[in-house]
Structures are given as C-alpha cells and as structure tokens.
There are 2 protein chains.
Amino acid sequence: MVGMETQLASTPDTASTSPAKRTGGRSALVLAAVRTAVEELIKERGPERVTVPMIAERAGVNPTSIYRRWGDLPTLINEIATYRLDPERPLPQSGDLRGDLTAWAREIIEHYSTAVNAALLRAGAATAGESESDCLRNRRAEATMFVARTPNPPVTADQVIDHLVAPIIYRVIFLPWSIDGTTADRLVAELFDRA
Amino acid sequence: MVGMETQLASTPDTASTSPAKRTGGRSALVLAAVRTAVEELIKERGPERVTVPMIAERAGVNPTSIYRRWGDLPTLINEIATYRLDPERPLPQSGDLRGDLTAWAREIIEHYSTAVNAALLRAGAATAGESESDCLRNRRAEATMFVARTPNPPVTADQVIDHLVAPIIYRVIFLPWSIDGTTADRLVAELFDRA
DNA sequence: CGCCAAAAGCAACAAACGTTGCGTTACGGC
DNA sequence: GCCGTAACGCAACGTTTGTTGCTTTTGGCG
C-alpha cells in the first residue's frame with residue numbers, strides 16, 4: 001500500500017542514499033544573517049534580553065524559519081557561541097612552552113575583549129550545566145596538547161586550566177574592566193615563577 | 001507650597017525621617033516564598049527556562065507582586081543569587097593565613113556543591129556584564145580582608161582571586177564533575193608552595 | 001486602638017511569543 | 001533544463017507574558 005501519499009516528510013524511500021540536506025545559497029544566507037543578528041543584539045542588549053522575533057526582524061528573516069531550524073533560543077545561542085570560537089586556527093608553536101602559553105593567553109584575552117564574544121561567553125555559562133555544548137572544552141584540549149608535547153613540563157594541564165584559563169575567563173565574565181595588556185604575562189609569570 | 005497633596009508617592013514632606021518601608025509580616029512571607037520558588041525552579045529546569053508567572057504560581061503569589069517589586073526577571077534572579085551567598089556569616093580567623101584560606105575555599109566549594117547554588121551562579125554569570133549586582137564581589141572583599149589583616153602576606157588579594165577563587169568558580173560553572181574533596185587543598189597548596 | 005500608606009491581590013487588557021497549515025521559492029541531483 | 005523536495009515566507013491562531021487601574025489587606029507608628 002504505497003498509495004495515499006500522506007507526505008509526512010519523513011522516511012524517504014531512498015533512505016540509504018542521503019536526506020539531501022540543503023546547505024548552499026539561500027539557507028546559507030539566512031544562517032549568516034541570523035548569526036550576525038544574534039551577535040549584534042547580544043552585544044547591544046545582553047544575552048538575557050534577546051528574543052527570537054527580535055533576531056528575525058534584525059536578520060530580515062521570518063521568525064518561523066528560526067523556530068523551525070533551531071526550535072529554541074538557548075539552542076540557537078549555544079550553537080552560535082560554540083561555532084564562533086575555534087575555526088581550527090593554528091596554535092603558537094615556538095618550542096618554548098612558556099612562550100607558547102603566553103601567546104596563547106594573549107590570544108584568548110584578545111578574543112574575549114570584544115563585547116560580542118564576552119557576551120556569548122556569559123550566555124554559554126548560563127546553559128553550561130545542562131547542554132554538553134561547553135565552548136571551553138577546546139581550550140582544555142589545547143592546554144593538554146601544549147603540555148603533552150613538552151619534554152619535561154614544569155606544569156600540568158590542570159594547572160594551566162586552573163591558573164591561566166580560569167582567571168582569564170573569570171575576569172572576562174565578572175570583572176571585565178580589570179583586564180589589560182599585562183594580564184596574560186602576569187598570569188603566566190605567576191604560573192611559572194611564582195611571585 | 002506643601003499643599004496640593006498630589007500623593008505621587010514621591011518626596012514625602014517629612015523627607016528627612018524615613019519613607020516608612022515595610023519589612024515584616026506579609027512582605028517577608030512573600031519574599032521568602034518567591035525565593036524558595038526561584039531556587040526550586042532554577043534547580044529543576046535550569047536558569048533559562050524559568051519565567052515570572054511560573055515563579056508566582058509556585059510561590060502562591062500574584063505575578064503582579066513580583067513585577068512590581070523586581071520589575072524584571074534577571075533582576076530578581078540576580079537579587080536572589082547575591083542574597084543567598086553571604087548572610088554575614090563568620091569567616092575563619094585562626095590567625096594563620098593559609099589555614100584560613102583553606103577553610104574559606106572549602107566553604108565556597110561546599111556552598112556551590114548544591115545544584116541550586118551552582119545554577120544560581122550560572123544565572124548570575126549571564127547577567128554579570130550589565131547589572132552591577134556581581135554576586136562575587138563579596139568574595140573579593142573577603143579576600144582583600146584576609147590578606148590585609150596578615151602582617152607580611154606572602155600573596156596578594158589579586159593572587160587569591162586569580163588562583164583560588166577563579167579556578168573554583170570556573171570549575172563550578174563549566175566542569176562541575178571535576179571538583180572533589182581535595183580541590184580546595186590542592187589549590188591552596190599551589191597558591192602557596194608552588195607545585 | 002486607630003490612622004496612613006506600603007505592599008499584595010484582583011481583573012482586565014494589550015502586546016509579544018511560539019505553533020501550525022499551506023503556498024512559494026530555489027537548491028541539488030539527474 | 002527539469003523535477004522533487006528541503007527550506008523559507010506568509011497568515012492566522014491560541015497561549016503566555018507583562019502592564020495598569022483599582023480594591024483590599026496589613027505593617028508601622030503615634
């Protein structure tokens with residue numbers, strides 16, 4: 001009984017090939033527009049004061065499209081936050097652990113010095129408990145890598161997390177004004193030399 | 001011209017005495033009910049999925065009362081988060097800086113080990129940028145105090161923040177499972193001894 | 001005890017939100 | 001180019017949210 005085309009848009013007959021997702025052209029445009037809209041709005045109003053219709057209007061897109069694609073505002077924000085971080089950028093690799101970590105820390109601080117990224121980090125913090133989308137996990141992996149490739153590492157990966165990443169993230173979230181050009185170097189110095 | 005009692009609830013004639021705030025009885029009950037409702041809901045559903053009407057119903061209170069008192073959901077959550085922390089509890093005071101800091105760190109970890117407090121912290125993080133209600137500021141004050149009352153402090157208040165408070169808060173928010181009974185001692189040790 | 005006004009309740013309302021069904025566009029594959 | 005259908009747009013709808021004017025309760029104080 002293949003008749004009665006109920007067209008429920010599920011389980012296509014050629015199930016094995018591919019669902020034939022659509023990634024180019026218009027979809028991509030919508031995606032980009034929504035992303036920038038979210039970033040702008042989150043920067044302007046803070047993550048708590050943004051709504052889906054707002055984003056839709058700013059992006060020149062119908063709210064329905066957003067609801068259908070993401071379903072949820074936290075989901076959407078999380079997706080954007082995680083995406084924005086790590087486009088597989090090259091990491092510092094001078095052979096000197098301390099130098100690498102300093103450069104790396106500067107990079108992170110630089111990244112979060114923009115209002116958008118800081119706001120996205122805060123938004124991510126709010127949903128960190130429930131969804132697995134921890135946007136900081138990559139940092140942990142990077143720290144582990146830095147330490148692992150050093151012969152006799154004077155610090156552990158955990159120490160890098162605790163005394164370099166954690167202070168930076170903490171200050172970005174709660175004390176943004178307290179970060180300046182010397183922060184990265186100071187933290188690295190305290191990590192290695194002890195004050 | 002004291003006449004024409006327009007009664008706009010502003011600038012009472014006896015401006016100097018007091019606006020005659022009302023703190024006892026019913027108000028206090030509502031406050032308590034709302035607080036526990038927020039805590040329960042935030043624990044159950046995560047900070048992003050809580051709404052004012054929800055809280056009102058759970059608390060057995062009219063939504064209007066909440067809107068009038070706090071005006072805003074972020075405001076309300078923030079208020080609760082900051083309140084919950086420090087009811088002027090006594091701080092460790094053994095005379096030994098290291099011992100005091102250890103006890104203090106253990107206290108903080110203990111506090112955030114409950115789901116409610118962790119969730120409230122995350123909620124606070126989301127709104128940290130905009131409103132001044134930084135629920136961590138008390139911690140900063142306490143750290144400063146600890147250091148200030150020690151004759152020749154081997155660490156600065158900033159170092160306590162960066163290497164003791166920050167790692168704890170960071171882990172509570174992003175890596176809650178990574179905290180155990182040894183964390184406080186380890187961090188203090190790393191702060192003082194260097195690994 | 002009795003007054004005054006702060007704070008809570010109530011009810012009705014406008015606005016915003018999110019869902020659903022259906023028509024239209026246009027990507028991807030042939 | 002042509003077709004099938006994924007993804008978007010549109011419009012209508014029910015629900016939820018937040019506001020406002022008013023009444024009722026009741027805490028604080030003489």
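Numbered from 1 within each chain, the chains take letters A, B, ... in sequence-line order.
Computed from C1' positions of five pairs at each end, the angle between the two local axes of the helix from C:dC1-D:dG30 to C:dC30-D:dG1 equals 50°, rounded to 10 degrees.
Put simply, CG on A:Leu31 is 9 Å from P on D:dC8, counting in whole angstrom units. We find that CG of B:Leu29 is positioned 12 Å from C1' of D:dT26, with the value rounded to whole Å. When rounded to the nearest whole Å, the span between CD1 of A:Ile55 and P of D:dC8 equals 15 Å. Here the P atom of nucleotide D:dT17 and the CG atom of B:Leu76 are 14 Å apart, to the nearest Å. In this structure, A:Arg49 atom CZ and D:dT17 atom C1' are separated by 15 Å, rounded to whole Å. Put simply, CG on A:Asn62 is 13 Å from C1' on C:dT20, counting in whole angstrom units. Rounding to whole angstrom units, CH2 of residue A:Trp70 and C1' of D:dC8 are separated by 12 Å.
Looking at heavy atoms from C-beta onward, A:Leu91 lies out of side-chain contact with A:Asp100 at the 4.5 angstrom threshold. The closest side-chain heavy-atom distance from A:Glu142 to A:Val165 is not below 4.5 Å. Inter-residue side-chain proximity for B:Trp70 and B:Val52 is flagged as unmet; no heavy-atom pair is nearer than 4.5 Å.
Between A:Tyr112 and A:Ala118 the shortest heavy-atom distance is O-CB, 3.7 Å.
For A:Thr150 (side chain) and A:Pro153 (main-chain N/O), no donor-acceptor pair under 3.5 Å exists by modelled atom type. At least one donor-acceptor pair under 3.5 Å links the side chain of B:Asp96 to the backbone N or O of B:Gly99.
Phosphate proximity of D:dG9 to A:Ser65: present, with a side-chain N or O under 4.0 Å from OP1 or OP2. Distances shorter than 4.0 Å separate some side-chain N or O of A:Arg69 from OP1 or OP2 on D:dC8. For the OP1/OP2 pair of C:dG28 and a distance below 4.0 Å, the side-chain nitrogens and oxygens of A:Thr23 include at least one atom meeting the criterion.
A donor-acceptor pair shorter than 3.5 Å can be found between the side chains of B:Asn117 and B:Thr114.
Within a 6.0 Å sphere centred on CD of B:Glu44, other residues, nucleotides and ligands contribute more than 12 heavy atoms.
Every residue meeting the side chain to side chain contact (heavy atoms under 4.5 Å, CB included) condition with A:Ala143, not counting sequence neighbours, appears here in chain and number order: A:Trp104, A:Val160, A:Ile161.
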*Which letters describe nucleotides 18-25 of chain D, given B = protein heavy atom under 4.0 Å from base, S = only from sugar-phosphate, - = neither?*
BBBBB--B
